[in-house]
Amino acid sequence: MKHKKRIGTVCKAVGCAVLLLITLFPIYWLAAMSIRPTSEIAGHISIIPASLTWEHFAQLFRDKGFGTAIVNSLQTTLISTALSLVIGLCAAYIIARRRFRLRVKQPLTYWILLVRVLPPVAFTIPLYTMFSKLGILYSKMPVVLACILINIPLIIWFMISFFQDLPEDIEESAQIDGASEWQLFRKIVLPLVAPGIAAIAMLSFMYAWNEYTYSIIFVQSPSNYTVPLALAVLNTEDNLTNFGLVAAGGVISVIPITLFVIFAQNYLISGLSSGAVKE
């Protein structure tokens with residue numbers, strides 16, 4: 001019996017190791033391509049780089065203005081994520097806790113989700129018309145507004161269940177103690193749903209950071225390029241792809257979102273352990 005258990009444990013370990021290798025190999029290959037010299041990429045490519053160079057990274061910031069693209073992406077991502085969370089959390093709490101005179105609660109939630117389910121290209125023509133009339137196509141504002149449009153329905157739909165699962169006794173006790181509506185929401189309700197906020201913040205951040213469809217349509221000035229758009233320009237410039245340059249850009253583009261996910265995961269774990277409801 002012990003021998004069979006040992007064999008099963010070994011098989012599971014080998015399977016996990018193979019799965020981990022398959023999952024991490026594309027990331028390793030991207031990083032390896034970014035530090036290979038161009039001459040090595042053009043010839044026979046080995047799994048382990050024969051020599052290392054940081055020229056691709058230096059060229060990105062020196063000649064391609066990739067630093068500006070990173071700043072633009074950080075601005076659009078952080079602003080859109082913050083505004084989406086503020087609006088989405090307030091709307092989700094109102095829908096979850098308030099009683100409407102008409103039976104519009106369930107149809108309203110499905111209508112909100114419909115905005116997120118529809119493909120982003122369905123909104124491009126009306127949004128382009130509005131942004132053109134407002135004269136903001138030559139700024140980063142269209143990308144921010146488009147990301148907010150897509151993220152708010154997801155936040156509302158995701159957070160409604162978290163607010164509905166909270167016992168109303170806690171809120172009633174706080175109101176009896178003299179807490180205002182805003183104090184109740186900010187100091188009592190939000191800390192209790194911190195795990196949900198962390199999870200939806202990760203999803204919203206990742207979508208806004210990787211947004212490409214609206215960027216390529218609405219961004220008219222190279223000075224406002226975001227990271228996905230800057231990478232696309234690198235991939236098609238002069239009809240010749242510099243794979244080392246593109247790989248270096250890919251490595252840099254992964255760093256901010258990886259750091260954000262690590263931070264959000266730590267906050268998610270702490271929220272799960274300390275945000276339990278006790279009666």
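A quick note: this is a predicted structure, and the numbers were derived from the prediction, not measured.
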Query raised in the report: Hey, which of V86, T81, L85, I160 is the one that makes side-chain contact (heavy atoms from CB on, under 4.5 Å) with I155?
Result: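 The residue from V86, T81, L85, I160 that satisfies side-chain contact (heavy atoms from CB on, under 4.5 Å) with I155 turns out to be L85.
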If you measure from [atom1] on [X] to [atom2] on [Y], what distance do you get to the nearest 0.5 Å?
X    : Y    : atom1 : atom2 : answer
M206 : T77  : CE    : OG1   : 12.0 Å
I200 : L154 : CD1   : CG    : 4.0 Å
L229 : L231 : CG    : CG    : 9.0 Å
M159 : L190 : CE    : CG    : 8.0 Å

Of the non-hydrogen atoms in [X] and [Y], which two are nearest, and what is the gap between them?
X    : Y    : answer
S80  : V144 : CB-O, 3.7 Å
G88  : I156 : O-CG1, 3.6 Å
T124 : V121 : OG1-O, 2.7 Å

Query raised in the report: What do you reckon, is CD1 of I125 surrounded by more than 12 foreign heavy atoms closer than 6.0 Å?
Result: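 Counting neighbours around CD1 of I125, 12 or fewer heavy atoms of other residues, nucleotides or ligands fall under 6.0 Å, so no.
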Query raised in the report: Got a sec: does the CE of M141 have more than 12 other heavy atoms crowding it under 6.0 Å?
Result: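 No.
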Backbone N or O of [Y] within a donor-acceptor pair of the [X] side chain at under 3.5 Å?
X    : Y    : answer
E211 : T213 : yes
W209 : S204 : no
S73  : V227 : yes
N72  : Y225 : yes

Once the angle between the rings of [X] and [Y] is folded into 0 to 90°, is it parallel (under 30°), tilted (30 to 60°) or perpendicular (over 60°)?
X    : Y    : answer
F185 : F163 : tilted
F25  : Y28  : tilted
W54  : F57  : tilted

Query - same_hphob_cluster(F123, L145) at 4.5 Å side-chain heavy-atom cutoff - result: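 Yes: a chain of side-chain contacts under 4.5 Å links F123 to L145.
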Report task. Taking only Lys NZ, Arg NE, NH1 and NH2, and the carboxylate oxygens of Asp or Glu, determine whether E55 and R36 approach each other closer than 4.0 Å. Result ->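 Here E55 does not pair with R36 in a salt bridge, since their nearest N and O are not under 4.0 Å apart.
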Query raised in the report: Do K140 and V143 have side chains that get closer than 4.5 Å, going by heavy atoms?
Result: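 A side-chain contact is absent here, since even the closest heavy-atom pair is not under 4.5 Å.
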